[in-house]
Amino acid sequence: MRRSWVSAGALSLVLTGCTGTGAFRPDPNNDDPLYGVIPVVKAPPQNRCEALGTSSPRGSCDDALYLATEYTRRLSVGDEVCLEGGYGEDPGSACKARAAIIDTSPNQVKLEVRGPKPDSRWFNVEMRHAWYEEGALVDLYLSERGY
């Protein structure tokens with residue numbers, strides 16, 4: 001009798017684990033390559049300052065490029081950045097979308113979008129992860145400054 005109760009209990013545990021609502025649903029933020037890879041946002045092939053050629057705004061663009069590169073290279077796990085409305089500055093009230101650095105690798109940072117405002121282009125991707133190359137974040141900095 002005891003064996004049958006133990007067998008029935010073990011069977012119910014196995015069946016419950018296999019038929020749970022989330023048993024086969026992949027986590028969108030999981031790095032497991034069987035279910036999908038977290039997207040990588042690549043840097044543009046040519047930076048915005050090179051596209052200006054030798055025009056007069058080129059000097060200020062090169063200065064902004066330097067500042068953006070230094071800022072981006074100093075990011076570390078736990079830092080928060082503003083993705084829209086002030087990349088390169090501390091996320092303040094003008095920031096429409098914040099992100100947290102959750103991982104780093106050579107030439108890349110992994111961002112998690114947190115707390116985007118409803119009028120932000122990041123509103124539908126809250127809590128999603130993505131790897132960003134340094135050049136992509138530098139390009140974001142330059143684009144917000146009109147280059």
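Along the sequence shown, residues are numbered consecutively beginning with 1.
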Which atom of T72 lies closest to which atom of V138, heavy atoms considered: OG1-CG2, 3.9 Å
Spacing of CG belonging to D139 relative to CG belonging to L65, to within rounding of 0.5 Å: 10.0 Å
Gap between atom CG of L111 and atom CD1 of I101 - 0.5 Å precision: 4.5 Å
Donor-acceptor under 3.5 Å (E112 side chain, H129 main chain): no
Nearest non-hydrogen partners of V81 and P91, listed with the distance: C-CG, 3.8 Å
Contacts of S93 that satisfy side-chain hydrogen bond (donor to acceptor under 3.5 Å, both in side chains) - sequence neighbours left out: none
Donor-acceptor under 3.5 Å (R98 side chain, G92 main chain): yes
Residues which pass ring pair (Phe, Tyr, Trp, His ring centres under 6.0 Å) with Y87, listed by chain and number, not counting sequence neighbours: Y71
Inter- and intrachain pairs under salt bridge (charged side-chain N to carboxylate O under 4.0 Å, His left out), touching residues 60-69, at least two apart: R58-D62
Extract all donor-acceptor atom pairs below 3.5 Å that involve side chains of residues 38-47 and protein atoms in other chains or at least two apart in sequence.
{"from": "N47", "atom 1": "OD1", "to": "C49", "atom 2": "N", "distance (Å)": "2.9"}
{"from": "N47", "atom 1": "OD1", "to": "E50", "atom 2": "N", "distance (Å)": "2.8"}

Worked verdict on T104 versus L75 for side-chain contact (heavy atoms from CB on, under 4.5 Å): CA-CA 9 Å; T104 60; L75 293 173; over 6 Å; no
Smallest separation among heavy atoms of S105 and W131, with atom names: OG-CZ3, 3.7 Å
R48 (side chain) donor-acceptor with L142 (main chain) under 3.5 angstrom: no
Disulfide (SG to SG under 2.5 Å) pairs, two or more places apart, involving residues 70-147: C82-C95
Expected output: side-chain R145 to main-chain A64 donor-acceptor under 3.5 Å: no
Other residues, nucleotides, ligands: >12 heavy atoms within 6.0 Å of D90 CG: no
Distance (rounded to the nearest 0.5 Å) between W122 CH2 and R114 CZ: 14.5 Å
Any donor-acceptor pair under 3.5 Å from E84 side chain to R121 backbone: yes
Under the salt bridge (charged side-chain N to carboxylate O under 4.0 Å, His left out) test, residues paired with E144 that sit two or more places apart: none
Distance (rounded to the nearest 0.5 Å) between N107 CG and E134 CD: 4.5 Å
